[in-house]
Amino acid sequence: MSLDISEIVPYNFSVVEPRWQEFWEKNQSFRSIFDSSRPKCYVLEMFMYPSGKVHIGHVRNYTIGDIIARFKRACGYAVLHPVGWDAFGLPAENAALKSKSHPKEWTYKNIEVMRKQIKSLGFSYDWTRDFATCDPKYYEFQQKLFLAMYQKGLIYRKNSEVNWDPIDNCVLANEQVVDGRGWRSGAIVERRMLSQWFIKITDYAEELLAELNNLDGWPEKVRTMQENWIGKSEGCSIKFRINDEAHITVFTTRPETIFGATFLAISPDHPLAQELASSDEKIKKFIDDHRKGSVSTEFMEKQEKFGLATGIFVHHPFLDKKLPVFIANFVLMDYGTGAIFATPAHDERDYEFAVKYNLPILDVIRPDEDASDKRLPYVGSGVVINSDFLNGLSISIARKVAIDKLCAIGVGERKKFYKLRDWGVSRQRYWGCPIPMIHCEKCGIVPLKNEDLPVLLPDDVTFDRPGNPLEHHASWKRVKCPCCGGSATRETDTLDTFVDSSWYFLRFCVNDPKNSDLLSFDDIQQWMPVDQYIGGVEHAILHLLYARFFTKALADCGFIKIREPFKNLFTQGMVCSVTYQKKNGEWLSPSEVVRNQGGIWEVAATGERVLVGRVEKMSKSKKNVVDPDTIIKDYGTDALRLFVVSDTPAEKDFPWSYEGLEGCWRFNNRLWRLFVFAQSRGVCAAECAREINLESLKSNVRDVYKAFHLTIKNVTYSLDERGMNRAVAYVRDCVNSLYSCLDDIEKNKPVFSVIIRDLIKLLSPMVPHICEEVWNRLGFENLVSDHPWPSYDEKFLQKSSITLPVQVNGKLRGIVEVSIDDPDNVVFQKALMVDNVKNVIGSAKIKKQIFVKGKIINFVV
RNA sequence: GCCUCUGUGGCGGAACUGGUAGACGCGACAGACUCAAAAUCUGUUGUUCGUAAGAACGUGCUGGUUCGAUUCCGGCCAGGGGCACCA
């Protein structure tokens, strides 16, 4: 019976982990059930693209989410924690081309593989809600939402310029153009005018911007990025008269500098420039050169300014003076009005242009006295000068006065502009959600009726020639017009996959989303918003902005009430790892290198010296990736889960190391030995029922018991703040202290039974398998996953005597034991008795003595 | 260039609203166990001086506020991220 702790059989994770995974699955232990008597908590990790393999970044992301879900569940919340697949997209088609498989087959096969991998990580998902965006039911609803938004006037079709890959015959997203070439074909990308579907996200620019202020559960960084992306600027438009019939409208945020205007500049894409080009060869050439040049990268980097005088002049609104109009390459057509008035003295671009083309520069702002650099172009604060009725006014007042006056004389208008553009959602691709629209020669564009949905993707497509297979399909696109009954064709473009991910979190709220015929927005109302959303910061703008927009648009279409989808957002960092390189630059995997006795890294096979690179993002090409499957096989899921959340705060980049992983594996074994040992000394569920008489305990045991209450507090507090790394540190510390009193367990079974019961509970979000196993072995009922979170008693956190630091002149000179109810003068007396304090003070006179209760004593001499 | 975040041991990182800087982990060193090794358990580990008690220095640099600053304020330096002709 006297089992020594070193004799305990090691923890066999390879048996224990699958056992509990099967148990949870069979019993649907994590089924989400809404319960109005409890607070709800919707925990969601950004769903996965089924690329074929789970990588370590996924593991970190989903472990963070799982810890939060398990913690919230234990704290009494009704938790929704679903999982799904962002399954449409380009890679499936590329794989189809390469391996002659079908995108559908490729995708579902990958999902199956990855689902198995995810299940081996023991996440507490409600698997009954699992679906993929390529499931017909899902995209059927997406088509319905699309039509509803169309009816609401939020979707339109327009000609626009796109990145066109001439080899693949398809549109590329901006991110898919690398150095002016298609990322796959390598062909130089062309700009092409194409008729595309757009969603009016710009209608929501103001709300998307304004509500950022209320998203206090979001990282400041993400909010700022969205704010910059939306890019609001307020100012006014001004009409500059050419003659009685014609004028040019410019946009400015600095109308107070109007008296400093010396010329106008319009974009090469401005309608007036286009018009002039038809009758002027020089202008035509300038515009053509600009078109060609603007795609080349060296041009983008240099950003050299070019311009051409048009020969046109406009009237200054306040002065009897004419300003020349230039066509200038630095003026963008898709911002503002595509035309500006230039004030070279107070704008860097205008200044550069004026200097190059020898145009006048009129100074109209006198810099503040304390301005660090008063040279032109001056863009700082100051007082307006040389400006008639604006003279002597500060910039902000002059701005108001100038706008008022411009409005009063009928040439100005207050305006807001945004950088945000409407969202082009057409993709010339097969593997995406079909757009439910018909092109009819007679009736034009006709939306399908809801009862004609879904528009299913045909399975019988071929990828033997470039372009969109839907376009080449023999029969799919031929339909009867829902309007006139005549022959018509379907829209063959499919939707951008960002549309799929803009509302999937709503679909999870419905029971059995894979098959459900219900949109069931009551369910959505119950669960939404997502209380904790977790994902990589790389989605800070696109996905998170689109999802916010979709939520607002669907609210306006009457589907839902909430207007913001994600209450709290957590952005985790990347998983990084060291890199190894041979002298010739060839990358090496960790298994190919070895550390010799001198501590120098060399190639295991040859002994050649290895360069150890910096810790950077895991990538296949640098051979510094680690495969979760292998880790799970060698160390167990719990070790991996524990490791990815320990040591480094979850929002920061995580430096992978096998030493650290082994430390977690050792910890799990240490836990196991502790629990098995405790059990052998009589710790069990039944002992928890016995009363504990604190006073009768040995002082070290009493201290451990009290300290454990602090552990509960610290772990709870840390998990609330999403400080997983701190929670892990506190439980490790607690385990260490339990190891220091192993000999006391047998005589204090009730105390240690309670501590161990609650310790298992504290550990269970991080390492659920080992906890479930021990819970069961110690005779506790049900699952540890179903057991409520332990509470702590404040009264145990207070100590009757405290150790206080004693400072002299702010320097630590000693520590003193005082009683909690010692009066101040007694505390000072005791502090002055400390040898070292006595020595340092010597005969000096104490000028001041400070005592902050429970914190510190300080003597000033 | 503009916006933004971050600077703490050999490394990852702790430190509640200003109050014992370095919790916890990794690495390193030592002891116990062992014929030995591994594993395990127990220690030590910011730097310098000192046999020790202890002292001096120490949270990127530099000023300030304070009895007391990693924490608050000013100036600078370095690194990461985002945006980039947005009028």
So, is [X] close to the [N] phosphate, meaning a side-chain N or O under 4.0 Å from OP1 or OP2?
X	N	result
R223(A)	U4(B)	no
T224(A)	G82(B)	no
R813(A)	A56(B)	yes
N714(A)	A23(B)	no
K652(A)	G13(B)	yes
N836(A)	A55(B)	yes
K848(A)	C67(B)	yes
R732(A)	C26(B)	no
R666(A)	G25(B)	no

With a non-hydrogen cut-off below 4.0 angstrom, is [X] in contact with a base, only sugar-phosphate, or nothing?
X	value
K419(A)	base
F859(A)	nothing
V331(A)	base
N725(A)	sugar-phosphate
N839(A)	nothing
V852(A)	base
P10(A)	nothing
D647(A)	base
T253(A)	sugar-phosphate
G336(A)	nothing
T252(A)	sugar-phosphate

Closer to the 5' end of RNA chain B via nearest nucleotide, is it M225(A) or F330(A)?
->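 Residue closer to the 5' terminus by nearest nucleotide: M225(A).
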
Starting at the 5' end of RNA chain B, which residue's closest nucleotide do you reach first, S233(A) or W229(A)?
->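 Its nearest nucleotide lies further toward 5', so the answer is W229(A).
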
So, does the side chain of K305(A) form a donor-acceptor pair with the base of C85(B) at under 3.5 Å?
->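 Counting by modelled atom types and ignoring angles, a donor-acceptor contact under 3.5 Å is found here.
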
Compute the centroid of each ring, for [X] and then for [Y], and state whether the two points are separated by less than 6.0 Å.
X	Y	value
F259(A)	H316(A)	yes
H709(A)	F796(A)	yes
F643(A)	Y658(A)	no
F353(A)	F263(A)	yes

Side chain to side chain contact (heavy atoms under 4.5 Å, CB included), paired with I340(A), selected from L264(A), T252(A), I248(A), D350(A) =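 Filter result, single survivor: D350(A).
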
Inter-nucleotide [atom1] distance ([N], [M]), Å rounded:
N	M	atom1	result
G10(B)	C85(B)	P	44 Å
C11(B)	C83(B)	C1'	33 Å
U45(B)	C24(B)	P	12 Å

Any ion pair linking R726(A) and E721(A) (charged N to carboxylate O, less than 4.0 Å)?
->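 Result for this pair is no, no salt bridge flagged.
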
Is the shortest distance from a Lys or Arg side-chain nitrogen in R732(A) or D647(A) to a carboxylate oxygen in the other one below 4.0 Å?
->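 D647(A) and R732(A): salt-bridged.
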
Under a 3.5 Å cut-off for both contacts, is [N] paired Watson-Crick or G-U wobble with anything, and if yes, with which nucleotide?
N	value
G9(B)	none
C41(B)	G31(B)
A69(B)	none

Once you round it to whole Å, what is the distance between P of C24(B) and CG of D733(A)?
->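 That distance rounds to 5 Å.
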
Would you kindly give the OH-to-C1' distance between Y717(A) and A15(B), to the nearest whole Å?
->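 Computing the Y717(A):OH to A15(B):C1' distance gives 12 Å.
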
Nearest to the side chain of [X], which nucleotide is it out of [options]?
X	options	value
R670(A)	U20(B), C3(B), U42(B)	U42(B)
P805(A)	U20(B), U40(B), A14(B)	U20(B)
L812(A)	A87(B), A21(B), C41(B)	A21(B)
N736(A)	G25(B), C85(B), G19(B)	G25(B)
E659(A)	A87(B), G27(B), U17(B)	G27(B)

Tell me whether G9(B) sits syn or anti, counting syn as a glycosidic angle within 90° of 0.
->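 The base of G9(B) is oriented syn (glycosidic angle within 90° of 0).
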
Q226(A) CD to I541(A) CD1 distance, which is reported to the nearest 0.5 Å |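 Separation between the atoms: 7.0 Å.
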
